[in-house]
Amino acid sequence: MATATRALFMLFGATGDLAKRKLYPSIFNLYKKGYVDNDHFALIGTGRREWSDDTFRDVIVESVSANADSEEQAKSFASHFYYMAHDVTNPEHYDALSDYANKLDQQYDTNGNRIFYISMAPNFFGTVAQNLKAHNCLSDNGGFNRLIIEKPFGRDYDSAEELNNALGKSFNEDQVYRIDHYLGKEMVQNVLALRFGNPLVEGIWNNEYIDNIQVTLAEKLGVEERAGYYDGSGALRDMVQNHTIQMLTILAMEDPISFKDVDIRREKIRALKSMRVYTEDEVRKNFVRGQYGANGDQLDYRHEDNVPTDSITETYVAGKVLFENKRWKNVPFYIRTGKMLSDKFTRIDVVFKKPLIDVFAAAKGSESELNNNVLTLFVDPVNKIILRLNGKKAGQGMEMQPIELTHTQSDEEKAVTPEPYERLIHDAILGNATNFASWDEVSRAWEFADVIRQVWDKDQPDFPNYTPGSMGPDAADELLERDGRAWVFNSKK
Ligand SMILES: NC(=O)C1=CN([C@@H]2O[C@H](COP(=O)(O)OP(=O)(O)OC[C@H]3O[C@@H](n4cnc5c(N)ncnc54)[C@H](OP(=O)(O)O)[C@@H]3O)[C@@H](O)[C@H]2O)C=CC1
Ligand SMILES: O=C1O[C@H](COP(=O)(O)O)[C@@H](O)[C@H](O)[C@H]1O
């Protein structure tokens with residue numbers, strides 16, 4: 001039986017794209033499943049637009065209709081939503097917000113629990129947090145106050161620290177939930193289950209058996225309508241500093257003493273501290289950037305809407321990351337992410353070492369034909385695990401061939417798998433911060449990314465340098481070739 005939590009939500013950015021596409025459907029699923037107490041929850045949505053409650057509720061109904069069992073159910077859900085036109089930069093507005101929140105607290109008997117969600121451009125995060133506190137919008141009658149904030153958390157270490165200090169004036173670290181939606185993905189969470197639930201896996205999860213690990217976050221689409229944000233960010237800030245590094249951390253961390261958020265975070269931070277922050281020369285050697293060119297009807301990045309024609313923003317990053325500790329000495333973690341690639345997928349390839357001696361080849365006096373064993377975890381679009389081994393080819397003799405053990409998530413499992421935002425909002429409701437990024441994690445990731453950014457800001461790139469529909473620039477392949485390796489997934493193959 002689901003534990004239903006009473007709460008009042010305050011959503012800043014309620015008229016925005018993310019709210020409509022992701023947040024309302026997620027909260028609706030939690031409502032349907034009984035994770036938010038259906039009689040004791042309300043949401044105040046804000047934006048500058050002069051919407052009425054009815055307009056807001058129409059938007060909610062439309063946003064959740066695909067998941068609703070009936071129109072009545074969607075409308076009943078939407079009846080918990082209230083709208084206030086509010087300019088977050090105007091302090092006076094928060095007094096009205098505070099009064100309204102107190103009224104709804106009483107009306108819905110929410111036990112004084114409040115969840116604040118800032119789904120707005122990052123320059124507003126600090127302003128909202130400080131005004132919430134200054135204008136008594138935080139509950140003070142025994143309930144919890146939790147703040148969920150969207151990405152990006154800063155654009156470099158200094159701005160992230162400034163933001164963190166601003167948040168810290170109103171919320172304690174344990175009240176702040178920094179969203180990284182990749183941490184809400186089923187297969188990303190499964191990494192922990194596979195590693196720490198199986199001695200068979202954890203026993204070989206080290207440099208004695210693993211040759212290298214490859215993490216790919218590939219997107220088929222370009223910047224779409226988000227160029228205004230993206231061109232000032234680029235792939236390094238948009239995908240590497242957060243999602244990619246979080247995935248690396250989960251792959252590299254030591255076993256936590258328990259599955260409590262504090263214990264997991266402690267190990268993640270330890271792993272991040274052992275991640276090598278490169279020198280300038282090392283950045284040039286170990287990191288590659290790219291920007292997509294044109295291909296047929298597909299415009300090059302510089303001719304997409306709202307992109308300056310001389311933009312040097314990278315739409316692709318590949319790199320080699322090193323963890324300098326006993327477990328991972330000499331094991332490179334190769335990462336790549338980009339827009340306009342051959343397909344939309346996220347995968348982790350764990351490449352194991354070959355046997356020291358190939359007894360089959362030795363007996364025949366021939367070259368080894370054994371492949372590296374590879375464990376591939378498909379994160380998106382399907383949840384699948386493939387273990388590639390060497391096996392015997394049926395028939396006489398001892399010919400070898402690659403064989404694959406595959407586990408694919410069933411339709412039944414898929415049906416009960418929450419969307420990342422649903423899972424993460426639920427975690428925040430429960431006060432479980434395991435799948436959110438702590439300040440120590442975020443700050444370390446910025447220290448790592450900042451050096452790369454600084455080198456790239458000095459050097460003039462030769463853009464565009466990859467074709468839409470490919471897997472990025474040639475330099476990304478050369479990065480591995482120099483080490484005598486290759487990407488496990490390569491669309492050119
Ligand atoms: N959209 C996406 O796919 C993703 C978004 N994110 C993050 O989510 C956050 C929101 O993104 P998104 O929804 O796309 O952004 P939008 O531009 O669609 O929405 C911005 C929201 O902020 C409100 N707003 C802007 N200025 C003010 C103001 N001065 N006072 C009050 N409200 C204001 C807007 O309301 P109004 O116009 O009515 O004032 C609107 O509701 C960002 O941090 C983004 O980085 C993260 C991952 C993916
Ligand atoms: O955070 C972001 O993620 C999306 C990709 O997310 P996914 O879950 O669809 O893989 C990316 O398109 C966007 O640029 C970035 O801001």
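Only this structure's heavy atoms are used, side chains among them; waters, hydrogens and symmetry mates stay out. First listed ligand is number 1; within each ligand, the first listed atom is number 1.
In terms of protein heavy-atom proximity, atom 21 (C) of ligand 1 is nearest to Gly13 CA, 3.7 Å. In this structure, atom 11 (O) of ligand 1 lies nearest to the protein heavy atom Leu18 CB, 4.3 Å. Of the protein's heavy atoms, Met120 CE, 3.5 Å lies nearest to atom 32 (N) of ligand 1. Looking only at heavy atoms of the protein, atom 45 (O) of ligand 1 is closest to Lys151 O, 2.8 Å. Nearest protein heavy-atom neighbour of atom 46 (C) of ligand 1: Glu150 OE1, 3.3 Å.
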For ligand 2, output the ligand-protein N/O contacts shorter than 3.5 angstrom; if there are none, return none.
from, atom 1, to, atom 2, distance (Å)
ligand 2, 1 (O), Lys151, NZ, 2.9
ligand 2, 1 (O), His243, NE2, 2.8
ligand 2, 6 (O), His181, NE2, 3.1
ligand 2, 8 (O), His181, NE2, 2.8
ligand 2, 8 (O), Lys185, NZ, 2.6
ligand 2, 9 (O), Lys344, NZ, 3.0
ligand 2, 10 (O), Tyr182, OH, 2.4
ligand 2, 10 (O), Lys344, NZ, 2.6
ligand 2, 12 (O), Glu219, OE1, 2.6
ligand 2, 12 (O), Glu219, OE2, 3.2
ligand 2, 12 (O), Lys339, NZ, 3.2
ligand 2, 14 (O), Arg226, NH1, 3.3
ligand 2, 14 (O), Asp238, OD2, 2.6
ligand 2, 14 (O), Lys339, NZ, 2.8
ligand 2, 16 (O), Lys151, NZ, 2.8
ligand 2, 16 (O), Arg226, NH1, 3.3
ligand 2, 16 (O), Asp238, OD1, 2.7
ligand 2, 16 (O), Asp238, OD2, 3.4

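Residue Pro152 approaches ligand 1 through these ligand atoms, each under 4.0 Å from one of its heavy atoms: 45 (O). Applying the 4.0 Å criterion to heavy atoms of Gly16 picks out, from ligand 1, the atoms 13 (O), 18 (O), 19 (O), 40 (C), 41 (O). Atoms of ligand 1 lying under 4.0 Å from at least one heavy atom of Arg21, given by number and element, are 1 (N), 2 (C), 3 (O). Shown in contact with Phe124 at under 4.0 Å from a heavy atom are these atoms of ligand 1, numbered in order with element: 26 (N), 29 (N). Ligand-side atoms of ligand 1 in range of Ala14: 41 (O), range being under 4.0 angstrom from any heavy atom. Per-residue contacts place Gly47 under 4.0 angstrom from the following atoms of ligand 1 (heavy atoms of the residue considered): 32 (N), 35 (O), 38 (O), 39 (O). Every atom of ligand 1 is numbered from 1 in the order shown, and the set under 4.0 Å from a heavy atom of Ser119 is 9 (C), 10 (C). Each of the following atoms of ligand 1 lies closer than 4.0 Å to a heavy atom of His86: 30 (N), 31 (C).
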Next on the checklist: If you apply the rule ring-ring contact (aromatic ring centres under 6.0 Å, His included), what do you find for Tyr292 with Phe463, and how did you get there?
Outcome noted: CA-CA 8 Å; Tyr292 59 83; Phe463 285 165; over 10 Å; no

Checklist entry - Does the pair Glu173 and Trp439 meet the rule for a side chain to side chain contact (heavy atoms under 4.5 Å, CB included), with working shown? => result CA-CA 8 Å; Glu173 173 66 16; Trp439 165 241; 3.6 Å; yes

Next on the checklist: As a quick check of understanding, evaluate side chain to side chain contact (heavy atoms under 4.5 Å, CB included) for Thr216 and Thr346, giving each step before the final call.
Outcome noted: CA-CA 5 Å; Thr216 306; Thr346 302; over 6 Å; no

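For atom 15 (O) of ligand 1, the nearest protein heavy atom is 4.0 Å or more away.
Residues Asp440 and Lys268 are not paired through a salt bridge, judged by the lack of any N-O separation under 4.0 Å between the basic side chain and the carboxylate. Note on Asp459 versus Arg284: salt bridge recorded, some NZ/NE/NH1/NH2 to OD/OE distance being below 4.0 Å. The pair Glu422-Lys33 meets the salt-bridge criterion, with a side-chain N (NZ, NE, NH1 or NH2) lying under 4.0 Å from an Asp/Glu carboxylate O. Contact check on Glu62 versus Lys20 returns no salt bridge, with no Lys/Arg side-chain nitrogen under 4.0 Å from an Asp/Glu carboxylate oxygen. One finds no salt bridge joining Lys344 and Asp380 here, because no Lys/Arg side-chain nitrogen approaches an Asp/Glu carboxylate oxygen to under 4.0 Å. Between Glu150 and Lys22 there is no salt bridge, since no side-chain N of the basic residue sits under 4.0 Å from a carboxylate O of the acidic one.
Here the two rings, on His93 and His135, have centers that are 6.0 Å apart or farther. Taking the six-membered ring wherever Trp is involved, the centroid distance between the rings of Tyr31 and Tyr35 does not fall below 6.0 Å. Under the 6.0 Å cut-off for aromatic ring centres, Phe9 and Tyr117 do not qualify, their centroids lying 6.0 Å or more apart.
At least one N/O-N/O distance between Arg48 and ligand 1 falls below 3.5 Å. At a 3.5 angstrom cut-off on N or O pairs, Thr15 counts as close to ligand 1. By the 3.5 Å distance cut-off applied to N or O atoms, Asp87 is counted among the residues near ligand 1.
Looking at Thr376 and Asp349, their side chains do bring a donor and an acceptor atom within 3.5 Å of each other.
The environment of CG in Asp462 is sparse: at most 12 heavy-atom neighbours from other residues, nucleotides or ligands sit within 6.0 Å. With a 6.0 Å radius and a threshold of 12 heavy atoms from other residues, nucleotides or ligands, Glu413 has its CD atom above the threshold.
Within the set Asp17, Asn90, Val88, the minimum heavy-atom distance to atom 1 (N) of ligand 1 is found for Asp17.
At a heavy-atom cutoff of 4.0 Å, ligand 1 is contacted by both the backbone and the side chain of Arg49.
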